[in-house]
Amino acid sequence: MNAVEQLVRAPVAAVEFANLLLTRDDAKIGVTPKDVVWTHRKTTLYRYRSTRRTHALPVLLVFALINRPEIFDLRSGNSFVEYLLEEGYDVFLLDWGVPGDEDADMGIDNYVCDELPWGMRETLRASGQDELSLLGWCIGGSLVAMHAALEPGGAARNLVLLTTPVDTTGGTYTSWVGRDSFNPEFVTEVLPSVPGAGVDFANKMMKPVTNFWTTYRTLWQSVLNGEAKREAYQSMAKWVADNPPFPGRAYNQWITWMYKENRLVKGTLRLRGRRVDLRNIDQNTLVVTAGADHIAPRPGTLPLLDLVSSEDVTHLDRPGGHIGLMAGSKARDEIWPDIAEWLEERSAR
Amino acid sequence: MSETPDPTEDVRRLYEDAEKRTADAMEELVKKDAFGELLARSTENILAVTRIGNDAVDLIVRNLRLAGRRDITSLSRQLARTEDKLEQVLQEVERLQEQLSESERSSASNGTSRRRTTKSSSSK
């Protein structure tokens, strides 16, 4: 398209561009039918409807405390949940909900020692099984790893840990919040539930030009060229912009334990008096890292491979970012089949 | 015959190259210690201002005898604690139910074996 053609098309493209941004929240995400199995405070356990469950072991999906778990089920045709259901899995989702100021007392210990095991208990009860597969993503992966370290030989037979932060040494985030001058206690004193927008801003600041400018510039370019994928852009943009608050106590603990003291990899983390030793993890473990992950960089996840004492450990490393790896347009061909295959081999009764 | 270079394409390529270089430079910049310090101090300042604002609004709301955010949070927290207790009670009830059915099962199996023992001894 030459300069004159671009100029002629610009007004129409501008209207379309504005429309894409303004109607972002109308995008439908997380639409695969599901039923509520159990709730406690803001946590909800969902079971996705399926008529083709062929694998005995249910899969319990656990997402991070930042952003919403709809990323597992972004949109029809690009949904990991939909894919797992097609592959015959019995899929459950543990949704942490949208915490308010009243949930400021929720700490990492509450998530690891209460909500997660209670969700697992209800998953087993609903599925009629005595074992399950746990799939954690980002902080969700860390929570799953902490739980598995506390409960070796428990109900979790398989662990899938996606872009999971374990060792925070040398990361950009560590250089920001790990320093003495950053006081998470002061943050949570003023804001009992830390606004998601603040956490999102910090995440975006890691790649400021890409996140605050290039995203919109490339969108404009694709609109101008008539190549914009409305549904794909809006669903992802809606998910990115949906940032629930981080409960104050959990935020304080997460920043202090992970970024200031790096306790998880050092084996000095204690939850309710019990030491979280990753060497206790004896479940079949699949660790997935993304080459271009700037939020949980690959070097921060790799120590997990040496720490766990599981006899069955698999590592998949793929190009892509922290989220793009699992929710990008190539995920369906490049990573989901590998995860489903790994689970299949370990999901028989 | 060689193609005529498209100036628009050249400009676009040059711009994208400049943008990529800027992005890389900014990513390096945010990794610097000084940027981390700036971010930490700025966060502290924003929070301090937020606290002053919150306190002022809270004072006004309280003096108007209206329920403020703190009051609503306090009520919600009480509800959350009640739910915690309810979950614990439910778990305890389930544990006792399991214990009861377990003991019923074992006493039933003991009774059966005892009856069998009695029967066999009487047949002697």
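Residue numbering restarts at 1 for every chain, and letters A, B, ... go by the order of the sequence lines. The basis for the numbers below is simple: all heavy atoms, side chains too, and nothing from hydrogens, waters or symmetry mates.
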| Hey, what's the ring geometry for W38(A) with H40(A), parallel, tilted or perpendicular (30° and 60° as the breaks)? |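 Because their plane-to-plane angle is under 30°, the rings of W38(A) and H40(A) count as parallel.
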- Message: For T43(B), which atoms come within 4.5 Å of any heavy atom of chain A: side chain, backbone, both, or neither?
- Response: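 Only the side chain of T43(B) comes within 4.5 Å of chain A.
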Is E83(B) close to chain A through its backbone or its side chain, or both, or neither, when contacts mean heavy atoms under 4.5 Å?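 When you check distances to chain A, atoms from both the backbone and side chain of E83(B) fall under 4.5 Å.
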Do you know which of [options] has the most heavy-atom pairs under 4.5 Å to chain B?
options	answer
E189(A), Q6(A), H294(A), R121(A)	R121(A)
M205(A), R217(A), K42(A), K207(A)	R217(A)
V187(A), T172(A), D101(A)	D101(A)

Using a cut-off of under 4.5 Å on heavy-atom pairs, state which of [options] scores highest against chain A.
options	answer
V30(B), V11(B), L79(B)	V30(B)
D84(B), L29(B), I46(B), L38(B)	D84(B)
E27(B), E44(B), E9(B)	E27(B)
R12(B), E37(B), R41(B), K31(B)	E37(B)

- Side-chain heavy atoms of F201(A) within contact of N243(A), under 4.5 Å: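 Answer no - side chains too far apart.
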Would one find more than 12 heavy atoms of other residues, nucleotides or ligands at under 6.0 Å from atom OH of Y216(A)?
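No, not enclosed.
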Portion of V177(A) that has a non-hydrogen atom of chain B nearer than 4.5 angstrom
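Neither the backbone nor the side chain of V177(A) comes within 4.5 Å of chain B.
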Residue R179(A) versus chain B: region with a heavy atom under 4.5 Å:
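Only the side chain of R179(A) comes within 4.5 Å of chain B.
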List in chain and number order the residues that pass salt bridge (Lys or Arg N to Asp or Glu O under 4.0 Å) with [X], two or more places apart in sequence or in another chain; answer none if no residue qualifies.
X	value
D200(A)	K204(A)
E98(B)	none
E227(A)	none

Partner of Y251(A) by side chain to side chain contact (heavy atoms under 4.5 Å, CB included), out of T256(A), T188(A), L191(A) |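 With Y251(A) as partner, T256(A), T188(A), L191(A) yield a single side chain to side chain contact (heavy atoms under 4.5 Å, CB included), made by T188(A).
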- Message: Once rounded to the nearest 0.5 Å, what's the spacing between atom CH2 of W220(A) and atom CG of L21(A)?
- Response: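 Atom-to-atom, W220(A):CH2 and L21(A):CG are 11.0 Å apart.
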Note to self: Strictly less than 4.5 Å between heavy atoms, which residues of residues 52-62 of chain B line up against chain A? Please order them by number.
What the structure shows: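 Only N54(B) of residues 52-62 of chain B have a heavy atom under 4.5 Å from chain A.
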